[in-house]
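Let me begin by presenting the structure, written as structure tokens, before commenting on it.
Throughout, residue positions are numbered sequentially from 1 according to the sequence presented.
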Amino acid sequence: MRFASTILFAAVLISGPAAAQTGGKAISTTTLSLGTATPGGGFPLYGNAFAEVMNAADPAATIAPRNTKGSNENIPLLEKGELDLALVAGEPAYEAFAGIGRAPVRLKILTAIYSNPGMFVVRADSPYRTIADLVGQPVAFGAKGSGLPILARYVLDGLGLKQDEDFKAIYLDRAGDGPAMVEDGRVAALWGAGIGWPGFAAVASSASGARFIAPSADEITRIRAKHAFLKPLTVPAGSYPKQSEPIASLGSWSFVLTREDLPDDVAYRLAKTLHGVEATFCKTLAQACETTAANTVAAAPRPELIHPGVMKYFREIGVVK
């Protein structure tokens with residue numbers, strides 16, 4: 001059924017809007033599934049906005065977001081063809097493309113979505129001010145199956161710390177559960193990443209307020225010496241309530257990945273639609289301001305990992321030669 005719907009979708013895309021009707025009868029459009037993550041996290045927020053903007057811009061396709069357990073579930077679902085598109089955090093994508101702990105995947109990048117500077121958030125009235133202060137404390141490292149715990153593992157490993165041994169590590173069933181655990185003291189800190197991440201926004205908006213803890217400049221140097229794929233990133237001032245100063249950290253880029261056999265014409269049309277509405281997407285969701293063709297080219301670990309259909313469009317607009 002998936003292949004039949006894809007062939008129909010490709011035919012509609014190739015023929016253009018005039019093919020939407022034949023002999024007065026409308027041709028059915030297809031639905032492309034988009035895996036996100038557990039409710040309350042950044043991926044569902046982004047995925048829903050992505051679908052809204054894309055569906056409005058191109059009625060020939062319907063993108064349907066679907067909650068999943070996150071990056072670590074999305075990758076095998078894409079490989080099995082049970083998802084057409086999925087959001088995947090930078091670290092799981094890096095491991096999957098590189099074949100770390102598994103065979104390398106043959107999935108492709110549709111677009112980079114946003115950067116993920118990683119950091120902890122604690123209550124503003126807590127005594128914790130450095131990563132070292134959190135050693136031995138209960139810390140929520142994100143939802144099970146999401147990319148956040150993997151990013152934390154790399155960051156902490158660069159500092160000689162073990163996530164499950166040096167902290168009382170807690171992994172959430174739902175990403176949205178973390179802020180309340182910080183507020184009521186069940187955890188000392190919540191780990192997260194990104195600009196406009198819902199978990200950070202919730203803690204920063206709470207009655208207690210928030211303090212953010214990121215690696216120091218020296219710690220960033222140490223981490224990158226061991227894990228060079230992590231990049232220095234900055235959370236601009238004002239990204240969260242009462243955050244008056246920029247926060248320097250490090251992390252990677254998250255992506256929309258496609259199943260291996262997504263036709264080139266489909267990927268081309270999706271890229272053309274997406275980058276034709278970059279300004280609209282940015283107005284819809286602040287994080288989406290980083291979803292640009294140029295950022296996709298810069299963020300991809302290797303150019304050949306970008307879907308050939310997307311690369312065709314990028315050549316046409318001069319983003320790549």
Side-chain angles (χ1 to χ4, degrees), residues 42 70-72 75 87-105 107 109 112-122 128-171 187-195 197 199-200 211-235 246-255 257 290 295 297-305:
S71 299
N72 287 339
I75 290 171
L87 306 184
V88 177
E91 290 69 39
Y94 165 76
E95 292 184 347
F97 285 132
I100 297 174
R102 51 153 302 145
V105 298
L107 308 176
I109 294 170
I113 60 175
Y114 51 68
S115 58
N116 286 289
M119 54 188 183
F120 297 94
V121 65
V122 301
Y128 311 111
R129 295 184 175 276
T130 68
I131 294 175
D133 291 340
L134 294 172
V135 171
Q137 300 300 319
V139 174
F141 281 105
K144 301 171 184 175
S146 77
L148 287 175
I150 300 176
L151 172 58
R153 188 182 71 228
Y154 278 109
V155 168
L156 295 173
D157 179 71
L159 300 176
L161 296 170
K162 296 186 181 297
Q163 193 167 295
D164 294 314
E165 296 178 16
D166 293 308
F167 304 85
K168 298 174 183 176
I170 296 170
Y171 302 97
V187 297
L190 171 66
W191 170 263
I195 298 166
W197 188 61
F200 287 162
R211 177 186 303 122
F212 293 100
I213 299 175
S216 66
D218 175 67
E219 288 173 331
I220 288 173
T221 299
R222 290 169 57 196
I223 293 164
R224 295 202 67 233
K226 190 167 185 180
H227 302 298
F229 75 93
L230 295 175
K231 307 299 182 185
L233 299 169
T234 300
V235 180
I247 303 170
S249 188
L250 76 175
S252 61
W253 285 78
S254 294
F255 301 97
L257 300 186
E290 293 188 291
N295 280 343
V297 174
R302 303 188 303 278
E304 61 268 25
L305 297 178

For L87 and I113: C-alpha separation, side-chain torsions, deciding distance, then whether side chain to side chain contact (heavy atoms under 4.5 Å, CB included) applies. CA-CA 8 Å; L87 306 184; I113 60 175; 4.2 Å; yes
Which is it for N72 and I150 under the side chain to side chain contact (heavy atoms under 4.5 Å, CB included) test, yes or no, and what are the steps along the way? CA-CA 10 Å; N72 287 339; I150 300 176; 3.6 Å; yes
Would you call P301 and I109 a side-chain contact if the rule is heavy atoms closer than 4.5 Å? yes
Gap separating the CG atom of D157 from the CZ atom of R222, nearest 0.5 angstrom: 11.0 Å
What heavy-atom pair brings E290 and S115 nearest, and what distance separates the two atoms? OE2-OG, 2.9 Å
Applying side chain to side chain contact (heavy atoms under 4.5 Å, CB included), run through I170 and F141 and close with a yes or a no. CA-CA 6 Å; I170 296 170; F141 281 105; over 6 Å; no
Can you give the donor-acceptor pairs under 3.5 Å from side chains of residues 130-139 to other protein atoms, not counting sequence neighbours?
from : atom 1 : to   : atom 2 : distance (Å)
T130 : OG1    : A132 : N      : 3.4
T130 : OG1    : D133 : N      : 3.2
T130 : OG1    : D133 : OD1    : 3.3
T130 : OG1    : D133 : OD2    : 3.3
D133 : OD2    : R129 : N      : 2.9
D133 : OD2    : T130 : N      : 3.1
Q137 : OE1    : Y128 : OH     : 3.1

What closest approach, in Å, do K226 and G158 show between heavy atoms, and which atom pair accounts for it? CD-CA, 4.3 Å
Per the side chain to side chain contact (heavy atoms under 4.5 Å, CB included) rule, which among L233, L151, T234 passes with P117? L233
Using distance only, find each side-chain donor-acceptor pair of residues 248-255 under 3.5 Å and give its atom names and separation, not counting sequence neighbours.
from : atom 1 : to   : atom 2 : distance (Å)
S249 : OG     : G118 : O      : 2.4
S252 : OG     : E91  : OE2    : 2.5
S254 : OG     : N116 : ND2    : 2.5

Start with the C-alpha gap between E95 and Y154, add the side-chain angles, then the distance that decides, and say whether side chain to side chain contact (heavy atoms under 4.5 Å, CB included) holds. CA-CA 11 Å; E95 292 184 347; Y154 278 109; 2.6 Å; yes
Residue of the set F120, F200, W197 for which ring pair (Phe, Tyr, Trp, His ring centres under 6.0 Å) holds with F212: F200
Atom CE of M119 and atom CH2 of W191: how far apart are they, to the nearest 0.5 Å? 9.0 Å
Under 4.5 Å between any side-chain heavy atoms of L156 and D166, yes or no? no
Considering non-hydrogen atoms only, spot the tightest contact between S71 and A89 and give its length. OG-N, 2.9 Å
